[in-house]
Amino acid sequence: MRVRRTRPSLRELFDAHEGRLVHKVDHYFPIYERHLGRFVGRRPRVLEIGVAQGGSLELWHRWFGRGTVTIGVDVEERSTAFRGRRRHIEIGDQGDVAFLRRVAEEHGPFDIVLDDGSHRAEHQVLLLETLWDDLAADGVLIVEDLHTDYWPSYGGGHLRPGTFIERVKPLLDDVNAHNSREESFRPTRFTETLVGIHVYDSVVVLERGDHRPYTTSMAGRPVFDTVNDLPIDDAIPADHLARIARMNRPTRRLRRALRHPGLVVRAVERRAPGRRRDVTR
Ligand SMILES: C[S@@+](CC[C@H](N)C(=O)[O-])C[C@H]1O[C@@H](n2cnc3c(N)ncnc32)[C@H](O)[C@@H]1O
């Protein structure tokens, strides 16, 4: 009997990991699974800022599978030891826009950009502004270890201007700007390209996509004689009214039965002899 093997979860791979050292916050695993799981087996291009001992790059290759390409960025020259086939290492400072641009032009577009580097707010904000357009059409940008946004030693603090968390808050408006009826609040570059903002303890996930003004559709039949306080003919688009008319048409079998009631009686007799008495009584 062939046993079907299921893919191990990232957490399972992590727990079984015997390669280079990797250090992760425990509650990040379900977040990665939720937002990055769709890239497993899809040969993603992953840019990770912060290589350290190289363990996370190993783990991404193992989880995402064959064909994955990783680009690790670190200030530490010794990270070059982790270069390999489909594993690029770029040495530089993530606070240097020219360096980030060069990495993006050489290796982008990226399916995933993960910031696990300096954990300095100004670098996280710079990364968003500099690399957002280097994400693939359905790419994901993750900034982690945002607890530092609340730590004075990292220039953080509650509501402190300049933190990444404070940069994310206006994005909540940007993602809704298509709905604005005010001249002073119009769509931004993020309105057109940002389809999801997910905020967790210490982690923000931003999902890129083609974001247009919302559209609506209807299905099914109205129950009342008004819809949204309008008469049905005004509230329901013509194409859906036509669908409802088709739904309300008797079926072919019913139409035939209505035309020839005798056929129904004979069919009942054939299928359940003796039932005729019940039918006619
Ligand atoms: C938390 S570690 C990365 C851990 C690694 N991703 C893992 O999971 O195993 C942070 C790394 O970011 C690097 N780093 C710190 N400041 C940086 C900067 N300004 N630019 C690029 N890398 C930086 C550090 O050298 C360090 O290796």
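Any value given below was found using the heavy atoms of this structure, including those in side chains, with hydrogens, waters and symmetry copies removed. All ligand and atom numbering here is 1-based and tracks the order in the structure.
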**Message:** Please say yes or no: joined through hydrophobic side-chain contacts below 4.5 Å, possibly via intermediate residues, are Phe39 and Tyr28 part of one cluster?
**Reply:**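 Phe39 and Tyr28: one cluster.
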**Item:** Aromatic centroids of His178 and His211 separated by under 6.0 Å
**Value:**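 Close enough - the centres of the two rings lie under 6.0 Å apart.
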Could an N or O of ligand 1 be found under 3.5 Å from any N or O of [X], whether backbone or side chain?
X: Asp93; result: yes
X: Ala52; result: yes
X: Asp74; result: yes
X: Ile49; result: no

Regarding [X] and [Y], does a basic nitrogen lie under 4.0 Å from an acidic carboxylate oxygen?
X: Asp133; Y: Arg189; result: yes
X: Arg11; Y: Asp15; result: yes
X: Asp111; Y: Arg42; result: no
X: Asp26; Y: Lys24; result: no

**Request:** Give a yes-or-no answer on whether the side chains of Ser118 and Gln94 include a donor-acceptor pair shorter than 3.5 Å.
**Result:**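 The answer is yes; a qualifying pair exists.
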**Message:** Less than 3.5 Å apart, any donor N or O on the side chain of Thr68 or His61 sitting next to an acceptor on the other?
**Reply:**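 Distance-only check fails for Thr68 and His61.
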**Asked** Among all protein non-hydrogen atoms, which one is nearest to atom 20 (N) of ligand 1, and what is the separation to 0.1 Å?
**Response**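 Going by distance alone, atom 20 (N) of ligand 1 is nearest to Gln94 N, 2.9 Å.
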**Request:** Note the single closest protein heavy atom to atom 15 (C) of ligand 1, along with its residue, its atom name and the distance in Å.
**Result:**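 It is Ser118 CA, 3.8 Å.
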**Message:** For the CZ atom of Arg208 and the OG1 atom of Thr193, what is their distance to the nearest 0.5 Å?
**Reply:**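 Between Arg208 CZ and Thr193 OG1, I get 4.5 Å after rounding to 0.5 Å.
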**Request:** Could you tell me whether the side chain of His27 reaches within less than 4.5 Å of the side chain of Asp201, counting heavy atoms only?
**Result:**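 Asp201 vs His27: side chains touch.
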Please could you name the atoms of ligand 1 that [X] approaches to less than 4.0 Å, counting only its heavy atoms?
X: Val22; value: 8 (O), 9 (O)
X: His123; value: 19 (N)
X: His119; value: 1 (C)
X: Lys24; value: 8 (O)

Please compare [options] and report which has the shortest non-hydrogen distance to [atom].
atom: atom 14 (N) of ligand 1; options: Val51, Val75, Val25, Ile91; answer: Val75
atom: atom 10 (C) of ligand 1; options: Leu114, Leu59, Asp116; answer: Asp116
atom: atom 21 (C) of ligand 1; options: Gly55, Ser79, Gly92, Gly54; answer: Gly92
atom: atom 9 (O) of ligand 1; options: Ser56, Gly117, Gly50; answer: Ser56

**Request:** Could you establish whether Arg20 and ligand 1 come within less than 4.0 Å of each other, counting only heavy atoms on the residue side?
**Result:**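 Outside the 4.0 Å threshold, so no.
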**Request:** Let me see the working for Glu144 and Ser202 under side-chain hydrogen bond (donor to acceptor under 3.5 Å, both in side chains), right down to the final yes or no.
**Result:** CA-CA 6 Å; Glu144 57 185 48; Ser202 304; over 6 Å; no
Of the side chain and backbone of [X], name the one, both, or neither that has a heavy atom under 4.0 Å from an atom of ligand 1.
X: Glu76; result: side chain
X: Glu48; result: side chain
X: Gln53; result: neither

